[in-house]
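As the structure is a computational prediction, the values presented were derived from the model and not from experiment. Computation of the quantities below employed the complete heavy-atom set of this structure, encompassing side-chain atoms and omitting hydrogens, waters and symmetry-equivalent molecules. Letters A, B, ... mirror the listed sequences (proteins, then strands); counts begin at 1.
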Amino acid sequence: MIHLDDVRVRFAPSPTGYLHVGGARTALFNFLFARNKGGRFILRIEDTDLERSTREHERRLMDSLRWLKMEWDEGPDVGGDYGPYRQSERLDIYNDVVRKLMELGKAYEVYATPEEIEKLREDLIRSGNLPRYNRDMLTKFNTPDRIGRMRPAIFFEFEDKEYEFDDLIRGKITFRKGAIGDFVLMRSNGLPTYNFACVVDDHFMKITHVIRGDDHLSNTLRQLAIYEALGWNPPKFAHVSTILGSDGKKLSKRHNVSSIEGYRDRGYMPEAMINYLVLLGWSHPEGKEIMDLDEMIEKFSLDRISANPAMYDEGKLKWMNGYYIRNLDPRTITERAKKFIVKAGYLREEEFDEKFEWVVKVVESVRNGVNELSEIPSKIDFYFIPPKMVDLSDYGEDVLSSLRGFREELKKVMEWNEEGIRTAFKEYLKKAKVKRRDFYMALRLILTGRTEGPELLTVLEVLGKDEVLRRMSLL
RNA sequence: GCCCUCAUCGUCCAGCGGUCCAGGACAUCGGCCUUUCACGCCGGUGACCGGGGUUCGAAUCCCCGUGAGGGCGCCA
């Protein structure tokens, strides 16, 4: 049962590439708003750019959205009462509306090629005019030899006056008279333009709130004029600021940090991703920074979205990812690290599954120094591969002999667990006359081949008694 | 050129007329913890773009300037 005042929002990407962080944040704000209000979150595919739209992109877009845990209630794959949800499948609807607009005298055919319009535009600019079209200059192209022989573009007759609306984030926006001229509704290839399709779809899909990037702020003028011409009530608008790259320019593919898939592949936690993204422009009422989806949903509101453009700070994202890596359940982290470990060749997939409980310990022992899962293999390699050459020349014979003695002590440890190993250390070090620092470091070197790593006790425990003794046998 | 928007620490945010010599987070610097690297903890440095108003009182409201972003496509 759908009530008239139920909130309905949509995320409407064009399937011309992967989901980038800007799009993901827009989707997130829509999603959170819908869930907070108990409304519906709709996915609409804006594939009217035939050149660049592909099903493959569409699929990847959906994968990314789902990976971030944003499930939609209506969309091309799940259906819904207001479909189809792909613009390329809604052509009849656009044509109907265009016909209506033409009957109202608010749209007209233009038999000109895109090149001719382009030239018209250049001429206007060259002669010192603003590039604004009107019916008179456009219908000159409608010569008898063209009518019926070529497919016309349909232009909208823009009623030149002041338009205004109340933006939920920015307040009252006023577009002064004289800002634009007539513009295209339907291209000569039979497909609608963005501004037209957007209005038609939002109307018929009963969208109540349009939350989108502020690169669409100026477009709102055109859309408002179309709503008015049709006698339709426009939805409420909320324009979110652009995300900027570290150079202060709009974040784009050129910044090559923007793909959600890329982050997933490098071992980012979706929890960290949305947590970072939600903070880019929105703030928790109590100033909390770390929060899960449920909390975001509970606390989300449009009036806490900031109007200023936000610079994308990958460093903070990385920190936050590290935070989640060391605070999420170790088994979850291990499961997610699987592909990286298998790919590095330390374990085959079946081995990983068989030794899962052990691998959890391996991963847990290194995770607090990790910010991306992809860093894990290089940190855990010593568990699988014994150090090739160990240079102990910095340590004297006293250290080496005490290590040999310790090796014999370890052989006697029956319970190979933290407690047992700790006791062995304590007992042995009580009487051994070595600098502990040297003793520990030399042992670490023998066992791992490195000077840094997890706590030594953990290394011993996880490596296992046999392997520890084997590595120490080199002494 | 025209139109729209934005403007608090290096970065993201808080602040919605007095409680602000401006608060939090990341980064940075110092210290502590520690057998290493990290993690963690404690502390420091660090900002209201400029100028006019309004007001008893402005980071907060208004105007101008400046800077930045976006739009002006038969892209979205």
**Student:** Is any side-chain N or O of A/N219 under 3.5 Å from a base N or O of B/A76, one able to act as donor and the other as acceptor?
**Tutor:**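 Between B/A76 and A/N219, which were checked side chain against base, a qualifying N/O pair under 3.5 Å is present.
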**Student:** Among B/C13, B/C4, B/C39, which is the nearest nucleotide to the side chain of A/F175?
**Tutor:**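 Selected nucleotide (nearest to the side chain): B/C4.
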**Student:** Need to verify one output field. Residue with the more 5' nearest nucleotide on RNA chain B, A/L280 or A/E455?
**Tutor:**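 Nearest nucleotide further toward 5': that of A/L280.
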**Student:** Sticking with atom C1', work out how far B/A59 lies from B/C3, rounded to a whole angstrom.
**Tutor:**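 It comes out at 29 Å once rounded to the nearest Å.
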**Student:** With a 4.5 Å limit on heavy-atom distance, are the side chains of A/L68 and A/L28 in contact?
**Tutor:**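 A side-chain contact is absent here, since even the closest heavy-atom pair is not under 4.5 Å.
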**Student:** Counting distance alone, no hydrogens or angles: does the base of B/G73 have a donor or acceptor under 3.5 Å from a partner atom on the side chain of A/E118?
**Tutor:**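 No such pair is found, so the answer is no.
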**Student:** Scan A/G453 against the nucleic acid and name what it touches under 4.0 Å (heavy atoms): base, sugar-phosphate only, or nothing.
**Tutor:**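 Base: the residue A/G453, judged by heavy atoms under 4.0 Å, touches a nucleobase.
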**Student:** Between B/G69, B/G24, B/C74, spot the one nearest the side chain of A/P114, thanks.
**Tutor:**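 Side chain of A/P114 sits closest to B/C74.
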**Student:** Between A/A179 and A/A153, name the one whose nearest nucleotide on RNA chain B is closer to the 5' end.
**Tutor:**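 Its nearest nucleotide being more 5', the pick is A/A179.
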**Student:** Identify which nucleotide among B/G15, B/C74, B/G71 has an atom closest to any side-chain atom of A/Y133, counting heavy atoms from C-beta outward.
**Tutor:**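 Minimum distance to the A/Y133 side chain belongs to B/C74.
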**Student:** Aromatic rings A/F155 and A/Y133: how do their planes relate, parallel, tilted or perpendicular, breaks at 30° and 60°?
**Tutor:**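 A/F155 and A/Y133: perpendicular rings.
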**Student:** Compare the minimum distances between each of B/C4, B/C13, B/A76 and the side chain of A/S306, then state the nucleotide with the smallest one.
**Tutor:**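 Within the option list, the nearest is B/C13.
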**Student:** Give me the distance, rounded to whole Å, that separates B/G24 from B/C61 when you measure between the C1' atoms they each carry.
**Tutor:**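 Nearest-Å result for B/G24 against B/C61 at atom C1': 26 Å.
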**Student:** Using atom P of each nucleotide, how far apart are B/C37 and B/G10 to the nearest Å?
**Tutor:**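 It works out to 31 Å between them.
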**Student:** So, is the end of the A/R450 side chain (NZ or CZ) under 6.0 Å from the ring centre of A/F382 and within 45° of the ring's axis?
**Tutor:**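 Cation-pi check for A/R450 and A/F382: fails.
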**Student:** Expressed in whole Å, how much space separates the C1' atoms belonging to B/C13 and B/U8?
**Tutor:**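 Straight-line distance between the two C1' atoms is 10 Å.
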**Student:** Side chain of A/S218, base of B/C3: donor and acceptor closer than 3.5 Å?
**Tutor:**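 It does not, because no donor-acceptor pair links the side chain of A/S218 to the base of B/C3 below 3.5 Å.
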**Student:** Which of the following nucleotides, B/U35, B/A76, B/G24, is nearest to the side chain of A/E289?
**Tutor:**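 Output: B/G24.
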**Student:** Applying the side chain to side chain donor-acceptor pair (under 3.5 Å) test to A/D167, which of A/K236, A/K172, A/H239 qualifies?
**Tutor:**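 When A/K236, A/K172, A/H239 are each tested with A/D167, the side chain to side chain donor-acceptor pair (under 3.5 Å) holds only for A/H239.
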**Student:** What I'd like to find out is whether the side chain of A/D182 reaches to under 4.5 Å of the side chain of A/V110, using heavy atoms alone.
**Tutor:**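 A side-chain contact is absent here, since even the closest heavy-atom pair is not under 4.5 Å.
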**Student:** Can you identify which nucleotide, out of B/C75, B/C12, B/U35, has its nearest atom closest to the A/K316 side chain?
**Tutor:**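 Shortest atom-to-atom distance from the side chain points to B/C12.
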**Student:** If you check every side-chain atom of A/Y440, which of B/A25, B/G70, B/U35 has the closest atom?
**Tutor:**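 Nearest to the side-chain atoms of A/Y440, counting from C-beta on, is B/U35.
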**Student:** The side chain of A/D313 lies closest to which of these nucleotides: B/C74, B/C37, B/C26?
**Tutor:**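 Given the options B/C74, B/C37, B/C26, the side chain of A/D313 is closest to B/C26.
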**Student:** Could you work out which one of B/G40, B/A76, B/A7 sits closest to the side chain of A/N308?
**Tutor:**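 Nucleotide nearest to A/N308's side chain: B/A7.
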